[in-house]
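Just so we're on the same page: letters track the sequence lines, and every chain starts at 1.
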Amino acid sequence: MTAFADLRVYNTLTGRVEKFVPLYGKRVFMFVCGPTVYDYSHIGHGRVFTFFDTVARYLRWAGYSLFYLVNITDVDDKIINRAKEEGMHPLKLARKYESFYYEDMESLNVTSVNLYARASDYLPEIWDQIRVLLEKGHAYETETGVYFDITTFPDYGKLSKQKIEELRVHRIEPDPTKRNPGDFALWRKRPKDEFGWESPWGYGRPGWHIEDTAITIKHFGKQYDIHGGAIELAFPHHEAEIAQAESYTGVKPFVKYWIHIGLLTIKGEKMSKSLGNIIRIRDVVQEYGPEPVRLLLISSFYRSPMDFRWELLDQARSSYQRIKTAYDNLYDLEVNSEVGNAEVELLNKVKDLRDRFFRSLADNFNTPEALANLYELIRLTNAYVSEVGEISEQGKGILLSTFNEMLSVLGIRVERAVDSVMLKSLVQLLLEVRSQLRQRRMYELSDEIRGRLRDLGIELQDTPQGTKWRIIR
RNA sequence: GCCGGGUUGGCCGAGUGGUUUAGGCAGCGGGCUGCAGACCCGUGGACGGGGGUUCGAAUCCCCCACCCGGCUCCA
């Protein structure tokens with residue numbers, strides 16, 4: 001496994017593709033901005049978390065010991081407003097959508113996160129950071145809250161390459177008590193009848209940016225390796241995190257590699273409530289199954305914008321079917337005691353493709369190129385299965401484990417759904433009956449069986465090795 | 001206005017100077033098949049526009065056009 005040695009990643013902070021060298025040897029710390037749990041997750045969330053799940057799987061495959069942390073924003077104006085509408089306590093509403101979020105992630109096979117951290121569990125850390133920032137003169141208190149003074153942090157804008165002076169007129173009327181319009185809230189004082197906490201600076205709620213540094217500094221310390229999120233968060237959210245953390249700890253850089261995902265749009269427009277064009281993860285999963293959705297999300301390069309259309313899911317479903325069929329064909333391949341020349345040749349090519357697959361991932365997580373290598377492997381395997389039709393037990397083991405290795409790093413599941421003994425026996429019975437009908441050339445009846453089974457989602461394929469069947473939905 | 005990303009065949013999507021402009025979906029021809037499907041083999045078809053550098057440009061430089069995002073809610 002040499003492929004991981006030269007992992008290269010694009011770092012927003014430097015604007016370059018860089019060699020990945022973790023801060024603490026083989027231990028890697030990665031944090032990704034998680035959801036604000038006030039509604040169902042949409043496919044834009046799906047893209048981000050599917051991608052970083054793949055990153056996590058790759059890092060672990062490459063031998064790193066990864067601590068992957070995701071925050072859950074459960075304190076937020078949108079949650080409070082939504083809770084008011086539904087007549088529910090804000091935290092209760094947050095827990096509800098948090099659990100839906102986990103369901104969606106599980107359906108997409110996003111299973112690599114070590115810890116989900118809720119903002120509401122980190123009030124002591126938040127207060128400690130605010131206190132220190134005040135002591136160091138980076139923050140100030142007014143009658144509306146505690147704010148970070150961006151003029152005390154000359155690096156503000158270094159991530160998003162923005163100059164403070166050039167930031168245009170703001171969309172929201174700035175709080176008149178702030179020193180600079182760009183200063184952001186660390187603590188927001190709120191009326192007592194609203195949801196909040198009693199703090200050293202009065203009753204209220206934390207600012208959005210401070211929760212992430214509270215969580216990450218608590219778990220990772222003053223510096224860590226990878227911070228991920230959608231590109232839209234780079235400014236001001238991630239910029240604010242840098243300002244807070246580096247001012248608080250005095251250590252730079254807070255994060256070594258910043259990785260940002262391109263936005264997913266619908267018909268060229270950003271998904272938003274007001275446009276009413278939000279597509280939920282659970283809806284696409286319901287209609288297409290989870291694997292085609294995941295396959296679609298990783299089939300374009302993560303930094304490119306991606307425009308979603310339903311037609312693309314149709315294409316992804318066909319592609320997934322190709323992967324699955326190849327896996328099934330290989331699984332069913334007859335075992336032979338001898339190792340032929342064709343097998344030796346095949347296994348050499350497979351080894352080469354495996355190397356290329358992981359090299360593609362090491363090249364800034366080029367998942368489309370990795371998939372191309374996987375498809376090449378599929379084509380080779382299919383050709384072998386149809387031309388040779390048998391393989392040594394050892395060869396089969398190598399092929400299957402190579403498939404499993406690649407698919408598991410990509411997070412694509414191909415488990416055969418058919419586990420019911422009853423179902424298997426019933427289909428087997430029908431196949432035998434149909435086989436006898438075909439021998440007697442009673443094709444009308446045999447085709448009716450095939451057609452009716454297809455309607456039920458079971459597809460038959462007559463091959464020289466007999467009739468095979470698979471579940472197609 | 002400033003900053004960032006993008007524009008590759010019918011659709012999607014890799015590719016940063018020449019060996020092949022990958023791969024998937026869809027199409028076409030053939031094989032296999034009772035037929036179909038699956039699979040295999042073959043096949044056509046693209047680098048937003050204009051300049052420039054070079055023996056050679058999708059790739060480097062300049063200009064232009066268009067699309068998307070950020071500029072304190074947003075994954």
(request) Identify which nucleotide among B/C12, B/A75, B/C40 has an atom closest to any side-chain atom of A/Ala230, counting heavy atoms from C-beta outward. (result) B/A75
(message) Please list, in numerical order, the residues of residues 298-308 of chain A that have a heavy atom closer than 4.0 Å to any atom of RNA chain B.
(response)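 By residue number: A/Ser299, A/Ser300, A/Phe301, A/Arg303, A/Ser304, A/Pro305.
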So what does [X] touch, heavy atoms closer than 4.0 Å: a base, only the sugar-phosphate, or nothing?
X: A/Glu232; result: base
X: A/Asp462; result: base
X: A/Leu460; result: base
X: A/Arg441; result: nothing
X: A/Arg309; result: sugar-phosphate
X: A/His42; result: base
X: A/Leu264; result: base
X: A/Asn373; result: nothing
X: A/Ser41; result: nothing
X: A/Ala383; result: sugar-phosphate

(request) Please state whether the base of B/C12 and the side chain of A/Gln315 form at least one donor-acceptor pair under 3.5 Å? (result)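 Between B/C12 and A/Gln315, which were checked side chain against base, a qualifying N/O pair under 3.5 Å is absent.
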(request) Report yes if a donor N or O on one partner sits less than 3.5 Å from an acceptor N or O on the other, where the partners are the side chain of A/Arg438 and the base of B/G34; otherwise report no. (result)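 Such a pair is found, so the answer is yes.
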(message) Would A/Arg179 pass as a cation-pi partner of A/Tyr140, given that its NZ or CZ must be under 6.0 Å from the six-membered ring centre and within 45 degrees of the axis?
(response) yes
(request) Tell me whether A/Tyr375 is stacked on the nucleobase of B/G24, counting only the six-membered base ring and applying the 5.5 Å and 30° thresholds. (result)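 Given the distance and angle limits, no, they do not stack.
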(message) By nearest heavy atom, map A/Asp363 and A/Leu380 onto RNA chain B; which one lands nearer the 5' end?
(response) A/Asp363
(request) Could you check A/His237, A/Glu241, A/His238 and say which one makes a side chain to side chain donor-acceptor pair (under 3.5 Å) with A/His209? (result)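 Going through A/His237, A/Glu241, A/His238 one by one, the side chain to side chain donor-acceptor pair (under 3.5 Å) with A/His209 is satisfied by A/His237 alone.
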